[in-house]
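Notes follow the structure.
Position 1 is the first residue of the sequence; numbering continues from there. Ligands are counted one by one from 1 in listed order, and the atoms in each one are counted from 1 as well. Bear in mind the structure is a predicted one, so any value in this text is a computation, not a measurement.
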Amino acid sequence: MVDGFDVLREREVESWLSVGNGVIGTRGSLEDDDDASNPGTYVAGAYVQGSDEGSGPELAPVPDWIRLVPLVSDTAVTLLTGTVVELHRALDLRHGVLTRTWCQSLDSGLQVWFRSARFASMADPQILVLWAELEADGAEAHFVAGGEEPVLREIPARIGAVELATVTRCPPGQVVRLGAVRRPWAGEERSAAKVLADADRQGVTRLFERHRAAWERRWGNADVVVEGDPEAQRALRFAVYHLISAGEASGTSSIGARGLTGPGYHGHVFWDTEVFALPFFFAAHPPTARGLLAYRHRLLPAARAKAAAMGYRGALYPWESADTGEEVTPPFAYGPSGERIPILTGSQEHHIAADVAWATWSYWAWTGDEDFLLTCGAEILVETARFWASRARRRRDGRLHIGKVIGPDEYHESVDDNAFTNLLARWNLERAAEIVEHLSDSRGDGREVLSRLACQSGEAERWRRVAAGLVDGFDPASGLYEQFAGYFALEDLAAAELAEPPFAADVVLGSRRLRRSQIIKQADVLMAAHMLPEALPPEVATANYRYYEPRTSHGSSLSPAIHAAVAARVGAADDALSYFHMAAGIDLGDEMGNAAQGVHMAALGGLWQAAVAGFGGARVGLDALRVDPRLPPSWRRLAFPVTFRGARVEVDVAGNTLTLSLDAPARVAVGSRPPVRLRAGRHVARRRLGEWSAPKEVALR
Ligand code: BGC
């Protein structure tokens, strides 16, 4: 609920209050406009060429379908005419509806009431609905709101035109506006006018009921309950709401860094989607996860072309991706004094190849979706492994190295052997080798896939040799990974002595000194500890957490939630909770100062991961769902559902009791115990002296 109108915060509020369904999103701007506002509607996958010098594609501006002008006795009423008696906007997270109540007292003494509601249908993602009513005691009040006939517009986008059709009906004192969008390239066959006519026939009440039921189904498999920390509870529901609103399953588009809630990063797609947002969908809505990975599969040809242009084999995904899969990272940005600063991430941030592979494999582990593996997954894993095998070069020390990259910590460019990149590349090579072996052991289909991918005999073996030969900067004596070759020799500074994290260290320290220091932007080695827990066992994760955490400025919104998850795992409970709250404040407290550009999808996905994988300890391997909860002392209870290989598993931790409720059998490992097959039903484990007992089935009363 947002009360009143704060000119300085309005744009950030508009981001929070966005409504969306993965296909279309509209910011929470007031219908009657205001100079402080930055309204926006975005259609997934619809990019146009940006007009600024050096700019690439950006999400197409879509006509502002929410616009209404309230008139009382033929005079427009705004927030500035008379005084505001009451203004509040409420976002119903559970049902995806934004409502507004506004009462204005005019200079004549007349009171005007304006109420509105809007949603982007979750039941039929091509449909938009806006309803409003206007009342003024003793005066004539109506909206100026377009005609009765459908208005059809074509918005040219790079891969085809988007159709937008609207119709406005004006029963006395009210307005009902329906909108329909159609993206021909996404297989949406019916014309926008047909979709609109169908919506019009259904009527607002029916449209709303179907929309509400669809949202309830989505929450039924996604809600995270926290008792003992209302702020964390609110932040998690906010995160789940925006994650559900952002993802679509058609396979033609993916989630931009700010979803469909604002213009930030021009709607470009980063590793934010695969590594931060996708884990939520693995567990809460696998069809969306599959669609988002299908987007990467569809764009493999462009990823192959990028690798080939750089002299490598296989596929290298673009650091920033849009509609065609070409690299769309801007080549430069302007610095404070108007100077051009080259942006090197597009040519050097190669870990994206392994990030996509990681998500592909993780989806398979969560769902067991063999059809996806055969049609898309194997190809992504094989082509990215081929990239790494050609990317690694043998040096005089006889080992294999990956030179001149940018790791997750973007403060240090052109570095050699970034530990995160090399660990993920090794993991990518090993998993691809396993998949090839898995497919050659299987009958018909698997072998066909291998022949389609032209897998040579001995190729998997070669990947294993490359994986084994790659340096990773690990020092067994200290248990530390060196972030990249030469990092430990840089100036040693503590982040907290420079400013209070989170802060942009390039601004505080200047980029020259920053580059020569150990101050880092975001989780880097710790990112590997989070994504590959088997590769960095607890004692190694602990040593690296102690080293890197004090040196991190959290200059990226991606960082705090991952610190929360890793801190929970290494038993740093206080840190875990404070990082969780730092992550929660990125949008709701505008901690990065840029929530006006849209909510931060990666931070929201990270928050879900911090709760579910960090505090809840729920992770998936090929053998089982693993649950090893570590709640912060102030959280009395944490409960969430996950969908694991077709079974819905409700995890409920309260104090020393863990209850698992399954609607179908599944293999589950509790704490450090080996996996067991649990039957459908309720199972309870108890913690004594820090160890979880084996889960025992309990009869349902
Ligand atoms: C971060 C990247 C992230 C990008 C988009 C950058 O500031 O360093 O890791 O992918 O923002 O969110």
Quiz prompt | Full working for side chain to side chain contact (heavy atoms under 4.5 Å, CB included) between Glu274 and Arg296 | solution = CA-CA 10 Å; Glu274 281 75 18; Arg296 291 292 193 179; 2.7 Å; yes
Practice problem: Go through the steps to decide whether Trp319 and Val328 satisfy the test side chain to side chain contact (heavy atoms under 4.5 Å, CB included), and finish with yes or no. | Solution: CA-CA 8 Å; Trp319 175 245; Val328 294; over 6 Å; no
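Under a 4.0 Å heavy-atom criterion, Phe276 is not in contact with ligand 1.
Between Ser321 and the choices Val269, Val356, Thr329, the side chain to side chain contact (heavy atoms under 4.5 Å, CB included) rule is met once, by Val269. No option in Asp524, Leu490, Asp417 other than Asp524 meets the side chain to side chain contact (heavy atoms under 4.5 Å, CB included) test with Gln483.
Each of the following atoms of ligand 1 lies closer than 4.0 Å to a heavy atom of Trp319: 10 (O). Close approach to Trp271 involves these atoms of ligand 1, each under 4.0 Å from a residue heavy atom: 2 (C), 3 (C), 9 (O), 10 (O). The ligand atoms of ligand 1 that sit less than 4.0 angstrom from a heavy atom of Asp272 are 3 (C), 5 (C), 10 (O), 12 (O).
Nearest protein neighbour of atom 11 (O) of ligand 1, counting heavy atoms only, is Tyr265 OH, 3.1 Å.
The distance from atom CG of Asp506 to atom OH of Tyr411, rounded to the nearest 0.5 Å, is 4.5 Å.
In summary, the side chains of Ser55 and Asp52 do not present any donor paired with an acceptor at a separation below 3.5 Å, with no hydrogens or angles considered.
Between Gln522 and ligand 1, at least one N/O pair is under 3.5 Å apart.
The closest non-hydrogen atom to atom 7 (O) of ligand 1, taken over Met601, Met527, Lys521, Glu410, comes from Lys521.
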